[in-house]
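Not measured: the values here are computed from a predicted model. Atoms within each ligand, like the ligands themselves, are counted from 1 in listed order.
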Amino acid sequence: MLILGVESSCDETGVALYDSDAGLLAHTLHSQVAMHAEYGGVVPELASRDHVRRVVPLLRGALSAAGKSLADIDAVAYTRGPGLSGALLVGCAFAESLAFALGKPTLPVHHLEGHLLSPLLSADPPAFPFVALLVSGGHTQLMRVSAVGAYEILGETLDDAAGEAFDKSAKLLGLPYPGGALLSRLAESGDPARFSLPRPMLHSADLNFSFSGLKTAVLTLVREQEGPLDEQLRADIARAFQESIVEVLVKKSLKALQATGLQTLVVAGGVGANRQLREQLNAQARRKRFRVYYPELEFCTDNGAMIALAGCLRLQAGTPAKVAGSFSVQPRWPLLQQPVAETEDGAC
Ligand code: KG4
Ligand code: ZN
């Protein structure tokens, strides 16, 4: 079965073709980062318009790279939410109308489920059950993943998401949007011993996080410096921030493994690309004898491949596909409302 996947929840347009037997055949992506950088953040209206411009050429690119035609597609998966409503509507309307024209069903997918399952795109995928650390720009959650559709939140952020804390701290250091990856690069040349920032909720009894205080601590540190921040000073502050956030993410992940008795950790979402986070989790995994899996770097941030995969796995797990044509997006959508046997209006 050939599944077309379409992602348009925020500032990346992603299209992919996933074959239930052969795996991922092709994926194409356009990032709007350069366009939004000028404004210091995502401008929703510009995002929607750009998705409109990009999605058809991206589909053509994916079909040609996979050597397939529209007639080969069996179902169209797309991100139904959560995300920016206008951006979601573009992908949703595109996917539903294409499927309607082709006479094929659709598979509305939860964006976070796409991230959660994205490590399964790897050549060496993790087996269920596992603990997932989901660290993206909009979410930070620890989840117990027992099977496709069987998710239990173990802990989550009470305020800012980890990626958001990276981006806001990067902005305070004068880095362009979205600064997470740039901050992490800057931190590599920083001195970890020069500053120490708080580790919020490190010792709390639960598995929750809180990162807004950390961002405020970065702001205070920046303000305390006299004169303009030179490169080394910025790198040292970036390093202090990263040391702090990585330690919290690692310790809470270990605690979640301990609490569940599971021995597999899966890290998903954009912050999962962070090198220091990976190095520290790998070191802990060797020491404490658990396995840690990451999506391929290109699938850490938003992409169509994880949406096509999630749609395909859902279908295989028994979630009925939907008759194409009618649709709605869900800009706010808790992941837990996702039982596999859910029957939507118009299920086929
Ligand atoms: O998963 P994602 O593409 O978007 C959401 O669904 O939210 O993640 C984007 C987030 C941004 O906040 C970005 O700054 C962060 O992931 N990010 C990183 C790195 N690469 C991307 N944060 C820390 N270190 C990185 N290397
Ligand atoms: Zn995402």
Legend entry - Aromatic plane relationship, H110 with W333 - under 30° parallel, 30 to 60° tilted, over 60° perpendicular: tilted
Legend entry - ligand 1 to G270 polar contact by distance, N or O atoms, under 3.5 Å: yes
Inset, instruction - Go through ligand 1 atom by atom and flag the ones less than 4.0 Å from a non-hydrogen atom of H111. - result: 6 (O)
Inset, instruction - Could you check which N/O/S atom of H115 is closest to the Zn ion (ligand 2)? - result: NE2
Inset, instruction - Say whether E12, considering both its backbone and side-chain N or O atoms, lies within less than 3.5 Å of an N or O atom on ligand 1. - result: no
Legend entry - Atom indices of ligand 1 within 4.0 angstrom of A273 heavy atoms, with elements: 26 (N)
Legend entry - Ionic contact status for D236 with R239, cut-off 4.0 Å: no
Inset, instruction - Enumerate the atoms of ligand 1 whose separation from the nearest heavy atom of G163 is less than 4.0 angstrom. - result: 12 (O)
Inset, instruction - Give yes if a backbone or side-chain nitrogen or oxygen of G137 is under 3.5 Å from a nitrogen or oxygen of ligand 1, and no if not. - result: yes
Inset, instruction - Tell me, please, if H139 has any N/O/S atom, main chain or side chain, under 2.8 Å from the Zn ion (ligand 2)? - result: no
Legend entry - Per-atom contacts, ligand 1 versus G138 - under 4.0 Å to a heavy atom: 7 (O)
Inset, instruction - Kindly say whether S328 contributes a backbone atom to a donor-acceptor pair with the side chain of R80 at under 3.5 angstrom? - result: yes
Legend entry - Protein heavy atom at shortest distance from atom 4 (O) of ligand 1: D302 OD1, 3.6 Å
Inset, instruction - Mind checking whether D167 contacts ligand 1 via backbone (N, CA, C, O), side chain (CB onward), both or neither, at a 4.0 Å heavy-atom cut-off? - result: side chain
Legend entry - N/O donor-acceptor pair under 3.5 Å between S8 side chain and G91 backbone: yes
Inset, instruction - Pick out which of M35, H36, Q32 makes a side-chain contact (heavy atoms from CB on, under 4.5 Å) with V43. - result: H36
Legend entry - Residue among Q242, E247, E188 satisfying side chain to side chain donor-acceptor pair (under 3.5 Å) with Q276: Q242
Legend entry - Sub-6.0 Å ring centroid separation between F241 and F166: yes
Inset, instruction - Identify, by atom number and element, the atoms of ligand 1 in contact range of T301, meaning under 4.0 Å from any of its heavy atoms. - result: 3 (O)
Legend entry - Under-4.0 Å salt bridge between D124 and R291: yes
Inset, instruction - Quick one: report the N, O or S atom of D302 that is nearest to the Zn ion (ligand 2). - result: OD1
Inset, instruction - Would you check if the distance from the ring center of Y18 to the ring center of H27 is below 6.0 Å? - result: no
Legend entry - Per-atom contacts of ligand 1 with H115, taking only distances under 4.0 Å to non-hydrogen atoms: 1 (O), 6 (O)
Legend entry - Close N or O approach (N274, ligand 1; < 3.5 Å): yes
Inset, instruction - State plainly whether the residues K171 and D167 are in salt-bridge range, i.e. N to O under 4.0 Å. - result: no
Inset, instruction - With heavy atoms under 4.0 Å as the rule, classify the contact between A181 and ligand 1 as side chain, backbone, both or neither. - result: both
